[in-house]
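Scroll down for the structure; my scribbles are underneath it.
Reckoned from all heavy atoms, side chains included, excluding hydrogens, waters and symmetry mates.
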Amino acid sequence: MKTRLFLSFLLLIKCFSGLSQACLPEGIIFTTQAEIDNFQTNYPGCTQIQGDVEIYGEEIANLQGLNIVTSIGGTLSLYNSSPEPPLLLNLSGLENLSHIGGDLYIGSNIGFTTLQGLDNLSSIGGSFISYFGELSDLTALSNLTTIGGNFEIWFNDYLTNLNGLNNLTSVGGDLMILYNELLDNLSGLENLTIAGGDLWIIDNNALHDLRGLGNLSSVGGELVISNNDFLANLQGLGNLTLTGGEIRILCNNRLNDLSGMNSLTSVGNNLEIYWNPMLTNLSGLSGITSISGDLYISNANLTSLTGLENLTYIGGGLSLIANRLSNLAGLEHLSFIGGNLEINGSSSLTSFTGLNSLDSLGGSLKIFSSNALTGISGLEGLTSIGGDLDISENLSLVSLAGLEYIDANSITNLRIAYNRLLGECEISNICEYLSSPNGLVDIYNNAEGCNSASEVAAECGISLPCLPYGNIYLNSQEDVDNFSIDYSGCTIIEGSITIRGTDITNLNGLNIITSIGGELIIYINPLLTSLSGLENLIYIGEGLEITYNNSLLNCEGLNNLTSIGGYLKVKINSLLTSLSGLENLTYAGGNGNDIMLKYVKFEPKTVK
C-alpha cells in the first residue's frame with residue numbers, strides 16, 4: 001500500500017512538472033505560422049522559455065500557439081518583412097506572459113497598432129524598444145511596473161500619448177522618446193519616479209509640454225530636450241531634483257521659458273542651453289546653486305540671465321555665446337568659475353555688470369566679438385585667472401580699464417588682437433606682465449598705442465624683454481627699424497615673426513636675428529623689394545611663407561638659411577621670378593607636400 005501511494009505521488013509531481021517547466025535555454029526562432037501552431041505539440045509543457053524568442057515571417061497571422069508561455073528568460077523580438085497589409089495585427093496568444101528577462105524588441109514594419117496580448121506583462125528585465133512601427137495605443141501595458149534596461153520609443157508616427165504605462169514606476173536604463181510625429185503629451189508616465197540612465201526627448205514635433213513626468217525626481221544620466229518644435233515650456237519636470245549627467249536643452253523653436261525645473265538644485269555635469277530662438281530669459285532655473293561642469297548658453301534672443309540668481313558655483317567654464325545680453329545681471333551671486341570664462345559674439349553687451357562677486361577663474365578669460373563693448377566694467381572684483389587673457393575682435397573697445405585688478409602672475413598667455421579702436425592697453429597688470437611674460441604674447445591689429453607688444457611697452461614706460469615664447473608682429477617700417485631697440489638682444493626668437501606693412505621697404509633692422517622657433521611670415525608688403533636684413537638667419541622651426549609682396553624681386557638676404565623645420569610657401573609675388581638667395585637651404589619640411597612654389601622659376605635641387 002505504501003509503495004502504491006509513493007508511486008502515485010511521483011506521478012503527480014511528474015504531471016505538474018509537465019504542466020509548467022523551464023525549457024529551450026538555447027532559445028527559439030519562429031518564421032512560419034506552422035511553427036507557432038505546433039509549438040505545444042513540439043514542446044509540451046514548455047511554459048518558461050529560458051532563452052531568446054524571435055518571431056518574424058510573412059505568413060505569421062496569430063500567436064495563439066504560444067498561449068501557455070508565462071515567461072521568457074531572454075529577449076522577445078518581433079519584426080517582419082510582411083506583405084502589405086501585414087497578417088499579424090496583434091499579440092493575442094501572449095496573454096499569459098508576465099515576465100521577460102531580457103529585452104522586448106518591436107522592430108520595423110510591424111502591422112499591429114496596439115500591444116493587445118501583453119496585458120499581463122508586469123516586468124521587463126532588459127529594455128523595451130519600439131521603432132518604425134504603427135503603434136497608436138500602449139494601454140495593453142497597464143500591468144507593467146518595472147523596466148530594468150531602457151525604455152525606447154522611436155519613429156512611432158501614430159502614437160499621441162503614453163497612456164497604458166500608468167503603473168510604470170522605474171526605468172533602470174535610458175528613457176528615450178524620439179521622432180514620434182503625433183505625440184503631443186506624455187500622459188501615462190505619471191508614476192515614473194526614477195530613470196536610471198539618460199532621459200532623451202527629441203524631435204517630437206507635436207509635443208506641447210512635459211506633463212506626465214510630474215513625479216520624476218531623478219535622472220541618473222543626461223537630460224536632453226531637443227528639436228521639439230511646439231514645446232513652449234518645461235512644465236512637468238517640477239519634481240526633478242537631481243541629474244547625474246549633463247543637461248542639454250537645444251533647438252526647441254517655440255521654447256520661451258524654462259519654467260517647470262524649479263526644484264532642480266544642482267547639475268552633476270554640464271548645463272547647455274542653446275539654439276532656442278524664442279528663449280528670452282532663464283526663468284525656471286532659480287533653484288540651481290551649483291553646476292559641476294560647464295555652463296554654456298547661446299540663444300539668439302536671450303536678453304536676460306534672470307533665473308540664475310542663486311547660482312554660486314560653476315566647476316567648469318562659463319560660455320556666453322551669441323546672445324543679446326546687454327549685461328550679465330542675474331549672476332550676482334556667482335563667486336567661482338573653475339574653468340574658462342568666454343564671452344563671444346554678444347553684439348549687445350555693454351558691460352559685465354552682474355559678475356561683481358566673481359573673484360577668481362580657474363581657466364582663461366576670453367572676450368571675443370562683443371562689438372558694443374567700449375570698456376570692461378563689472379570685472380573689478382576679478383583678481384586671479386588660471387590661464388590665458390584673450391581680448392580679440394571687439395570692434396568698439398577703446399580701453400582695458402576694469403581688468404587691472406587681475407594678478408599679472410596668474411596670466412599664462414596674453415593675446416590682444418583685432419580690436420580696431422583699442423589704443424589704451426597700458427593698464428598696470430599688462431605692463432607688469434610684459435616686463436616678465438609667463439608665456440606667449442600676441443598683440444597686433446589694434447589701434448596705435450596697442451598695435452604691438454613694443455607699442456604697449458613704450459606706453460608703459462618699460463623695456464620689453466626678449467619674449468621667451470612671444471610672437472612678434474612688425475606692421476610698419478618703424479617697427480622693423482626699432483626691432484633691436486624694442487627687443488634688445490633678441491637674436492633667438494622662440495615664437496613666430498609676422499611682417500606685414502604697407503610702408504615696409506626693407507628688413508635691415510632685423511639683422512641681429514639668427515633663429516626663429518616658430519614661423520616667419522612675410523606677406524602683403526607692397527613696397528618690399530628684397531629680404532636684405534635677414535642675412536644672419538640660419539634656422540626656422542616651423543615654416544617660411546613669402547606671399548603677396550608685389551615688389552619683391554628675389555630672396556637675397558636669406559643666403560645663410562639652411563633649414564626649415566616645417567613648410568616652405570612662396571607664391572603670388574607678382575615680380576618674383578627667381579628664388580636666388582635660397583641656395584644654401586638644404587632641408588624644408590618632412591615631405592614634398594610641405595613645399596609650395598607658385599609663379600616662380602626655381603627648382604631647389606638641394607632641398608629634401
Asn253 backbone acceptor or donor facing Asp229 side chain under 3.5 Å: no

Side-chain donor/acceptor of Arg254 to backbone N/O of Leu231, under 3.5 Å: no

Tyr131 ring center near Phe155 ring center (under 6.0 Å): no

Test item: Leu178 and Ile153 side chains (from C-beta on) under 4.5 Å apart, heavy atoms: no

Nearest heavy atoms of Glu59 and Ala34, plus distance in Å: OE2-N, 4.4 Å

Asn161 side-chain N/O to Asn185 backbone N/O, donor-acceptor pair under 3.5 Å: no

Ile68 side chain reached by Asn96 side chain, heavy atoms, under 4.5 Å: no

CG-OG distance between Leu279 and Ser283, expressed to the nearest 0.5 angstrom: 9.0 Å

Value rounded to 0.5 Å, distance of CZ in Phe336 from OG in Ser360: 5.5 Å

side-chain hydrogen bond (donor to acceptor under 3.5 Å, both in side chains) between Asp203 and Asn227, intermediate numbers included: CA-CA 5 Å; Asp203 257 304; Asn227 293 87; 4.6 Å; no

Leu311 CG to Ile337 CD1 distance, which is reported to the nearest 0.5 Å: 8.5 Å

Between CG on residue Leu349 and OG on residue Ser369, distance to nearest 0.5 Å: 12.0 Å

Asn215 side-chain N/O to Glu190 backbone N/O, donor-acceptor pair under 3.5 Å: yes

Closest non-hydrogen atom pair between Glu58 and Leu87, with its separation: O-CD1, 3.4 Å

Polar side chain donor-acceptor pair, Ser392 to Arg415, under 3.5 angstrom: yes

Close side-chain approach of Ile288 and Thr265, heavy atoms under 4.5 Å: no

side-chain hydrogen bond (donor to acceptor under 3.5 Å, both in side chains) between Gln64 and Ser92, worked out: CA-CA 6 Å; Gln64 292 300 329; Ser92 294; 4.6 Å; no

Contact summary for Ile249 and Leu234, nearest pair of heavy atoms: CD1-CD1, 3.8 Å

Test side-chain contact (heavy atoms from CB on, under 4.5 Å) applied to Ile406 and Leu365, step by step: CA-CA 10 Å; Ile406 299 173; Leu365 174 58; 4.1 Å; yes

Donor-acceptor contact below 3.5 Å, side chain Asp198 vs main chain Asp174: no

Derivation and outcome, side-chain hydrogen bond (donor to acceptor under 3.5 Å, both in side chains), residues Arg211 and Ser187: CA-CA 7 Å; Arg211 298 179 198 278; Ser187 295; over 6 Å; no

Inter-residue atom distance Leu255.CG - Ile225.CD1, 0.5 Å rounding: 8.0 Å

Considering all heavy atoms, the nearest Cys46-Val69 contact: O-CG2, 4.1 Å

Step-by-step side-chain hydrogen bond (donor to acceptor under 3.5 Å, both in side chains) determination, Glu152 to Asn150: CA-CA 6 Å; Glu152 302 182 22; Asn150 300 341; 2.9 Å; yes

Test applied, side chain to side chain contact (heavy atoms under 4.5 Å, CB included); reference residue, Leu115; option that passes from Leu78, Leu135, Asp137, Leu144: Leu135

Side chain Asp52, main chain Ile28, donor-acceptor under 3.5 Å: no

Asp119 side chain reached by Thr139 side chain, heavy atoms, under 4.5 Å: no

Worked check of side-chain contact (heavy atoms from CB on, under 4.5 Å) between Leu24 and Gln50: CA-CA 6 Å; Leu24 296 171; Gln50 292 176 298; over 6 Å; no

Ring geometry between Phe128 and Phe151 (parallel below 30°, tilted from 30 to 60°, perpendicular above 60°): parallel

Nearest heavy-atom neighbours spanning Tyr418 and Leu395: O-CD2, 4.2 Å

Atom pair CD (Glu222) and CD (Glu272), whose distance is rounded to the nearest 0.5 Å: 9.0 Å

Main-chain N/O of Gly317 paired with Asp294 side-chain donor or acceptor, under 3.5 Å: yes

Aromatic plane relationship, Phe39 with Phe30 - under 30° parallel, 30 to 60° tilted, over 60° perpendicular: perpendicular

Nearest heavy-atom neighbours spanning Cys23 and Thr47: SG-N, 4.2 Å

Lys/Arg N to Asp/Glu carboxylate O, Asp390 vs Lys366, below 4.0 Å: no

Side-chain heavy atoms of Leu282 within contact of Ile273, under 4.5 Å: yes

Side-chain heavy atoms of Leu264 within contact of Leu237, under 4.5 Å: no

Leu165 and its side chain to side chain contact (heavy atoms under 4.5 Å, CB included) partner, picked from Asn191, Leu192, Leu189: Leu189

Val224 vs Glu246, side-chain contact (heavy atoms from CB on, under 4.5 Å): CA-CA, chis, key distance, verdict: CA-CA 8 Å; Val224 180; Glu246 67 182 16; 6.0 Å; no

side-chain contact (heavy atoms from CB on, under 4.5 Å) evaluation trace for Leu397 with Ile391: CA-CA 10 Å; Leu397 189 65; Ile391 313 294; 3.5 Å; yes

Side chains of Thr312 and Asn310 in contact at under 4.5 Å (non-hydrogen atoms): no

Heavy-atom donor-acceptor pair, Ser396 side chain to Asn371 backbone, under 3.5 Å: yes

Distance-only polar pair, side chains of Asn156 and Glu181, donor-acceptor under 3.5 Å: no

Flag, side chain of Ser127 to backbone of Ile129, donor-acceptor distance under 3.5 Å: no

Asn204 side chain to Asn180 backbone, donor-acceptor under 3.5 Å: yes

Residues, nucleotides or ligands: over 12 heavy atoms within 6.0 Å of His333 NE2: no

Note, Thr75 side chain near Ile100 side chain (heavy atom, < 4.5 Å): no

Ser351 and Thr353 side chains, donor-acceptor separation under 3.5 Å: yes

